[in-house]
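Note sheet for the following structure.
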Amino acid sequence: MQHLENEDEDHDGRADGLRGRLVRAGVELVNAEGAQALSLREIARRAGVSHGAPRRYFPTHLDLLSAIARQGFAELAVRLAEVDREDAGPRERIAILARVYLAYAGSRRGMYELMFRHDLLESGGLGLRETSLPLFAHLTGLVARATDPAPGPDAALRADTTSRADAAVRAGALWANLHGIAQLWHWGSLPLATGGTDPAPLLAAALDAHLGPVEPAP
């Protein structure tokens, strides 16, 4: 195999050098071929370095997988930030988040499957938790506001103090529902069972189930 003359210098001038090149190669690989293709040897080959080079920056395979998954969470956060509307109500913002989540699951299958395998990833290192948990905290805060029995100017304060635990459970249940929709839709199970061609009605039903039905306009 031919290698770059200096594995510590990135061929396109990026400052993150070999470490960044390995992560980018892993991101490209998981998006193209799925999480099962992420072997150290293949990532090194795509990065143009020796198969032992990754261990200089990632002591274990899981460390490298975690760094790759971190990029997935970062991309998901950027996609959400691009369409989120702070002037919208909390339920509408949850619906936006859910649509972004399902769209990401459909367009980034390999990365999506890797990102949530915390049983495999070193989530305590390399900033993975710092990238993934804020997304859930954002959902939890919106759920707390959306389910506040007495919304008003101080609803955000109450959401941060009195209802956080309940909101986290509701948000977790909603997330699990969204994850199930994403997986079962991708596998073809839901289209077969429901006869549907669009997951939007399932998303609407999930929001009603976890947040309560939308009040009719007066």
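Treat the numbers as computed from the prediction; the structure is a model and nothing was measured.
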Derivation of the side-chain contact (heavy atoms from CB on, under 4.5 Å) call for L64 and I68: CA-CA 6 Å; L64 179 51; I68 294 167; 4.1 Å; yes

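- Closest non-hydrogen pair, R91 versus P213, comes out as NH1-C, 4.3 Å.
- Using a 4.0 Å cut-off between charged nitrogen and carboxylate oxygen, E92 and R85 count as a salt-bridge pair.
- Proximity of L211 to R170: side-chain heavy atoms (C-beta onward) are nowhere separated by under 4.5 Å.
- Contact detail for L184 and P191: the closest heavy-atom pair is O-CD, 4.1 Å.
- Looking at heavy atoms from C-beta onward, H179 lies in side-chain contact with Y112 at the 4.5 angstrom threshold.
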Audit row: E28, R24, salt bridge (Lys or Arg N to Asp or Glu O under 4.0 Å) steps and yes/no: CA-CA 6 Å; E28 293 172 359; R24 288 192 294 277; over 6 Å; no

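- Under a hydrophobic-cluster definition in which Ile, Leu, Val, Met, Phe, Trp and Tyr are linked whenever side-chain heavy atoms come within less than 4.5 Å, directly or via other members, L133 and V143 are assigned to different clusters.
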Verdict with reasoning, F58 to L40, per side-chain contact (heavy atoms from CB on, under 4.5 Å): CA-CA 10 Å; F58 303 100; L40 278 175; 5.9 Å; no

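- Taking the ring centroids of F73 and Y104, they lie at or beyond the 6.0 Å cut-off.
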Test side-chain contact (heavy atoms from CB on, under 4.5 Å) applied to Q183 and R109, step by step: CA-CA 9 Å; Q183 290 287 58; R109 286 305 308 173; 2.3 Å; yes

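- Between Y101 and F116, the ring-plane angle classifies as tilted under the 30° and 60° cut-offs.
- Between R79 and E75 a salt bridge is recorded (basic side-chain N to carboxylate O distance below 4.0 Å).
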Chi angles and distances behind the side-chain contact (heavy atoms from CB on, under 4.5 Å) call for L38, L29: CA-CA 7 Å; L38 289 172; L29 180 59; 3.8 Å; yes

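- The main-chain N or O of V27 is found under 3.5 Å from a side-chain atom of N31 such that the two form a donor-acceptor pair.
- The shortest distance between side-chain heavy atoms of R145 and R93 falls below 4.5 Å.
- Residues L22 and V49 have side chains in contact (heavy-atom distance under 4.5 Å, counting atoms from C-beta outward).
- Residues R99 and I96 are in side-chain contact: their nearest non-hydrogen atoms beyond the backbone lie under 4.5 Å apart.
- A salt bridge is absent between D63 and R55: the closest approach of a Lys/Arg side-chain nitrogen to an acidic carboxylate oxygen does not fall below 4.0 angstrom.
- Between L178 and L203, the closest side-chain pair of non-hydrogen atoms falls below 4.5 Å.
- Nearest heavy-atom pair, A182 versus A105, reported as atom, atom and distance to 0.1 Å: CB-CB, 3.7 Å.
- Between P199 and I181, the shortest heavy-atom contact is CB-CG2, 4.4 Å.
- The distance from the CG atom of L76 to the CZ atom of R108 is 11.0 Å, given to the nearest 0.5 Å.
- Each of R45, E42, R41 was scored for a side-chain contact (heavy atoms from CB on, under 4.5 Å) with H51, with one residue passing: R41.
- Residues H138 and L80 are in side-chain contact: their nearest non-hydrogen atoms beyond the backbone lie under 4.5 Å apart.
- Residues I94 and F136 share a single hydrophobic cluster, defined by chaining ILVMFWY side chains whose heavy atoms lie under 4.5 Å apart.
- A donor-acceptor pair is defined here as one N or O able to donate and one able to accept, closer than 3.5 Å; no such pair exists between the side chain of R46 and the backbone of A25.
- Atom CD in Q36 sits 10.5 Å away from atom CG in L114 (nearest 0.5 Å).
- In this structure, W185 and L102 have side chains that are not in contact, with every pair of non-hydrogen atoms separated by 4.5 Å or more.
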